[in-house]
Amino acid sequence: MTVCEAPGKVYLFGEHAVVYGEPAVPAAIERRAAVTAEPREDDHVRVEAEDLSLDGFTVEYSGGTSDRPDVDVPTPLVEAAMGYVDAAVEQARDAADAPDAGFDITVESDIPLGAGLGSSAAVVVAGIDAATRALGEPLDRRELAERAYQAEFEVQDGQASRADTFCSTMGGAVRVEGDDCEPIDAPNLPFVVGFDGGAGDTGELVAGVRALRAEHEFAADTVESVGDLVREGERLLADADPGSEPDPELLAALGELMDFNHGLLAALGVSARSLDAMVWAARDAGAHGAKLTGAGGGGCIVALDESDATETALSFTQGCEEAFRAELATEGVRVVEP
Ligand SMILES: Nc1ncnc2c1ncn2[C@@H]1O[C@H](COP(=O)(O)OP(=O)(O)O)[C@@H](O)[C@H]1O
Ligand SMILES: C[C@@](O)(CCOP(=O)(O)O)CC(=O)O
Ligand SMILES: [Mg+2]
């Protein structure tokens, strides 16, 4: 039995624009998905995903995607939920040259689903790592990240960047621009997350931005402007002392860029009333800056505040279901049981 766990992430800045080749800076946070992989004698895959919103379920199916699991929940829900685990198993089979390998897979996660904290990437990264290790063919982290990206790319119909999967694999803060992915030094940023209890459909939201961008030059310019502010944010981070407590001037400058980034994302149509309400509650509470994180449409915002004021204000904000401090996860995917 092999167990690996991988972290979720917040976007300091750059989501959506990163899909079109602009740079983005996500940072891994201490909320993890743990995947257990136990090889089987046959070619079946049995998946236990207790944390899924459909009250959790267990399914068993044989190799290949044509054979759908036999469970008592609507097929589209199962397919949506199974997609990433399926894709991870396929990548592991391919990497280990074991097309008929079967597994018992268990997923346990404390990352809310579809909320912009990268639960899909964490499941895929931990899943491929656990399954390849269980087959005795561990991957180096660069290959693991690349295969995890391929898996997300397939499930999301060709609409994915390498940002989530690279960040979840490596941990810490990273910068991603096209296929150029590098860990970066970052100070210990005081992230506060607000969660509206809902979710957004990543594929649909990305497709919406794609359509806007194709239709209006000003939407394409907006995407480019996101890239410009990310480049400015990168310069700020590069000048800061890595690993230290950030000084107030740096926090103020990063926060200003986050505020700007949220405005541009809202212009691109991916914010929501609940996300805007949480962003404003954070700003009113004195956060240095606040923005939605991830695909948007619903889910989470991230704010910078070293005091407790933002977390407290969010917990009293209508539409905010949960507020918590998110520590930077300096370690990416890790083995819990070899
Ligand atoms: N604990 C889990 N078990 C199985 N699948 C999961 C789990 N967590 C997330 N997933 C998969 O990831 C999907 C959400 O991914 P996505 O829409 O990209 O949002 P995000 O990555 O922001 O959480 C879920 O619908 C499900 O398919
Ligand atoms: C919108 C996007 O930039 C980020 C999506 O993040 P999440 O799956 O919502 O955590 C898409 C991508 O980069 O693959
Ligand atoms: Mg995702």
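Just so you know, ligand 1 is whichever comes first in the structure, and atom 1 is the first atom listed for that ligand.
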Query - Heteroatom distance test (G118, ligand 2): nitrogen or oxygen, under 3.5 angstrom - result: yes
Query raised in the report: Can you find an N/O atom of A295 closer than 3.5 Å to an N/O atom of ligand 2?
Result: yes
Report task. Decide whether a cation-pi geometry holds between R231 and F13; the criteria are a distance under 6.0 Å from NZ or CZ to the six-membered ring centre and an angle within 45° of the ring axis. Result -> no
Query raised in the report: How does D201 reach ligand 1, if at all, at less than 4.0 Å between non-hydrogen atoms: by side chain, backbone, both, or neither?
Result: neither
Polar proximity ligand 1 side, [X] side, N/O cut 3.5 Å exclusive:
X: S109; result: no
X: G114; result: yes
X: T202; result: yes

Query raised in the report: Any chance CD of E182 has more than 12 other-residue heavy atoms, nucleotides or ligands included, within less than 6.0 Å?
Result: yes
Query raised in the report: Are there more than 12 heavy atoms of other residues, nucleotides or ligands under 6.0 Å from atom CG of D140?
Result: yes
**Report entry** Of the listed options S161, S119, P26, closest to atom 14 (O) of ligand 2 (non-hydrogen atoms)
**Finding:** S161
Requested in this report: Report the member of G116, G294, S120, G203 with the shortest heavy-atom distance to atom 22 (O) of ligand 1.
Outcome: G116
Query raised in the report: How does K9 reach ligand 2, if at all, at less than 4.0 Å between non-hydrogen atoms: by side chain, backbone, both, or neither?
Result: side chain
Write out the residue and atom name of the closest protein heavy atom to [atom], then the distance separating them to 0.1 Å.
atom: atom 11 (C) of ligand 2; value: V19 CG2, 3.9 Å
atom: atom 3 (O) of ligand 2; value: H16 N, 2.9 Å
atom: atom 6 (O) of ligand 2; value: D164 OD2, 3.2 Å

Query raised in the report: Looking only at heavy atoms of A163, does any of them come nearer than 4.0 Å to an atom of ligand 2?
Result: no
Close approach, [X] and ligand 1, non-hydrogen under 4.0 angstrom:
X: A33; answer: no
X: G83; answer: no
X: G118; answer: yes

Requested in this report: Could you check if a side-chain atom of V193 sits within less than 4.5 angstrom of a side-chain atom of I301, using non-hydrogen atoms only?
Outcome: no
Requested in this report: Compare all side-chain heavy atoms of D164 with those of K9 and state whether any distance is below 4.5 angstrom.
Outcome: yes
Query raised in the report: Which of the numbered atoms in ligand 1 are below 4.0 angstrom from a heavy atom of L117?
Result: 22 (O)
Requested in this report: Would you mind listing which atoms of ligand 1 come within a distance below 4.0 Å of any non-hydrogen atom of S119?
Outcome: 8 (N), 9 (C), 12 (O), 14 (C), 15 (O), 20 (P), 21 (O), 23 (O)
Report summary line: To the nearest 0.5 Å, atom CG of L237 lies from atom CG of D185 at 9.5 Å
Query raised in the report: Would one find an N, O or S atom of Q156, in either backbone or side chain, under 2.8 Å from the Mg ion (ligand 3)?
Result: no
Report task. May I ask you to decide if the ring planes of H216 and F218 are parallel, tilted or perpendicular, using 30° and 60° as cut-offs? Result -> parallel
